[in-house]
Amino acid sequence: MSLVEAAAAASEADCAFKNIPIIDLSNISSPDPAVRRGLADEVRDACMNVGFFYVKNHGVPDRVIDSALSNAKYFFGLPMELKMKIENKTTPNWKGYSPLLSGNNDPNGKGDLQEGFEFGWESPPLEREGDSEGKANGVTVLDGKNVWPFEVPGFRVAAVEYYHALVNLGKLLFPIFALALDIDETFFDDKTKTSAALMRIIHYPDQTGPTDEGVIGIGAHTDWECFTILWQEPNIQALQVLNADKEWIDIPPITGTFVVNLGDQFARWTNDIFKSTVHRVINRSGRRRFSTPLFFGTDYGVRLEPIPSCISPDRPLKYEVVTAGEYVKAKLEATYGR
Ligand SMILES: O=C(O)CCC(=O)C(=O)O
Ligand SMILES: [Fe+2]
């Protein structure tokens, strides 16, 4: 069955999921093509019907996650005037700190009840603390250097180690997504040379008690890149995903997993055969919550041209072709203002 036929056969019922699949990545680097094909088939079902899946046996050590998170928690605990020294609106590339309610992912919302810290690629080894030297890959306004708080000496090293662990995982996932699309496993290699991946560390305060409907942790939105690899704080239910019946489905944290969800760039590459599914966060747990998405896109200069097998007379091209950088930049401007 062709991709377009498979997408047409994916029934409304399949997309009215009540939970999301868990995919085991133990064999992601198997030398046996049949094993990789089996994994790609699982990924393909999840991408066509849900747009979200958990991954287990992903190979990222807990120590790396814990170290980045403990530094980030210390950072978020600093006085506001210190955090605001590296506010994202003062940097040319939206890197740095974003205070509570400064971003708004849902145009119908009044602001996202979260503070965050965002950074992109930089190469280890990191020889000194503080401000970064700049991104070796930089080609567009979205690249360029990261900004780091001088007050938290271990943050940069720990966060960049975590970032690279997730970028390496993402680089293993791209060939599987390509196989799932019946294209060559190397299809994304020359489109992901500079690791156009942004990591965001997010702190959601607790939101119990009467709440303004227009203010939640992150309003209903889709992600902008190809896919997101998300770590969620254990034991706190806050993330929800919208299914085809317009029901919000809880996506609880599962120990030892990341959530992987597709974003708009994959929807554009695949003419919506891969779903970029709407999701949101509401933290009514009674505790503050942390999470870390890594948003992994194609290089900023790459045009998001649909893969030919995703177009047919019955399924004409849905999106205007733009570059990945133009797309992400427009979304950053709309979300954080400029
Ligand atoms: O915090 C989460 O669980 C999800 C965050 C998210 O959806 C985002 O930052 O795009
Ligand atoms: Fe998201």
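None of these values were measured; they are calculated from a predicted model. In this chain, residues are counted from 1 in sequence order. All values below come from the heavy atoms of this structure, side chains included, with hydrogens, waters and symmetry mates left out. When a ligand or atom number is given, it counts from 1 through the structure's own listing order.
Close contacts of ligand 1 with R289, meaning ligand atoms under 4.0 Å from a residue heavy atom, involve 1 (O), 2 (C), 3 (O). Below 4.0 Å from some heavy atom of S291 lie the following atoms of ligand 1, by number and element: 1 (O), 2 (C). The distance from ligand 1 to the heavy atoms of F295 drops below 4.0 Å at these ligand atoms: 8 (C), 9 (O), 10 (O). If you number the atoms of ligand 1 from 1 as listed, the ones under 4.0 Å from a heavy atom of Y204 come out as 1 (O), 2 (C), 4 (C), 5 (C). Of all atoms in ligand 1, numbered sequentially from 1 with element shown, those under 4.0 Å from a heavy atom of P293 are 9 (O).
Side chain of S285 to main chain of R287: a donor-acceptor pair is present (N/O by atom type, distance under 3.5 Å, no hydrogens or angles).
Neither the backbone nor the side chain of V259 comes within 4.0 Å of ligand 1, counting heavy atoms alone. Only the side chain of I202 comes within 4.0 Å of ligand 1, judged by heavy-atom distances. Contact annotation: for T228 versus ligand 1, there are no heavy atoms closer than 4.0 Å.
The cationic group of K56 does not satisfy the cation-pi geometry with Y54, failing either the under 6.0 Å distance to the six-membered ring centre or the 45° limit from the ring axis.
Classification of K171 and D189 as a salt-bridged pair fails, no side-chain N sitting under 4.0 Å from a carboxylate O. Taking 4.0 Å as the cut-off between side-chain N and carboxylate O, E247 and K18 count as a salt-bridged pair. Under 4.0 Å is where a charged nitrogen must lie from a carboxylate oxygen, and between R315 and D272 no such pair does. Using a cutoff of 4.0 Å between basic side-chain nitrogens and carboxylate oxygens, E305 and K191 are not scored as salt-bridged.
If you run side chain to side chain contact (heavy atoms under 4.5 Å, CB included) between F188 and each of T298, D299, V302, only T298 comes through.
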Q) Going through the checks in order, is the side chain to side chain contact (heavy atoms under 4.5 Å, CB included) test met by I251 and H279? A) CA-CA 10 Å; I251 307 294; H279 53 286; over 6 Å; no
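Comparing T222, V281, I251 against atom 2 (C) of ligand 1, the shortest heavy-atom distance belongs to V281.
Scanning the protein for heavy atoms near atom 6 (C) of ligand 1, the closest one is H221 NE2, 3.8 Å.
The shortest N or O to N or O distance between D223 and ligand 1 is below 3.5 Å.
Between Y162 and T292, the side chains place a donor N or O and an acceptor N or O closer than 3.5 Å (distance only, hydrogens not considered).
Contact annotation: H279 has at least one heavy atom less than 4.0 Å from an atom of ligand 1.
Computed with the Fe ion (ligand 2) at the centre, the H221 NE2 to D223 OD1 angle is 90°, stated to 10 degrees.
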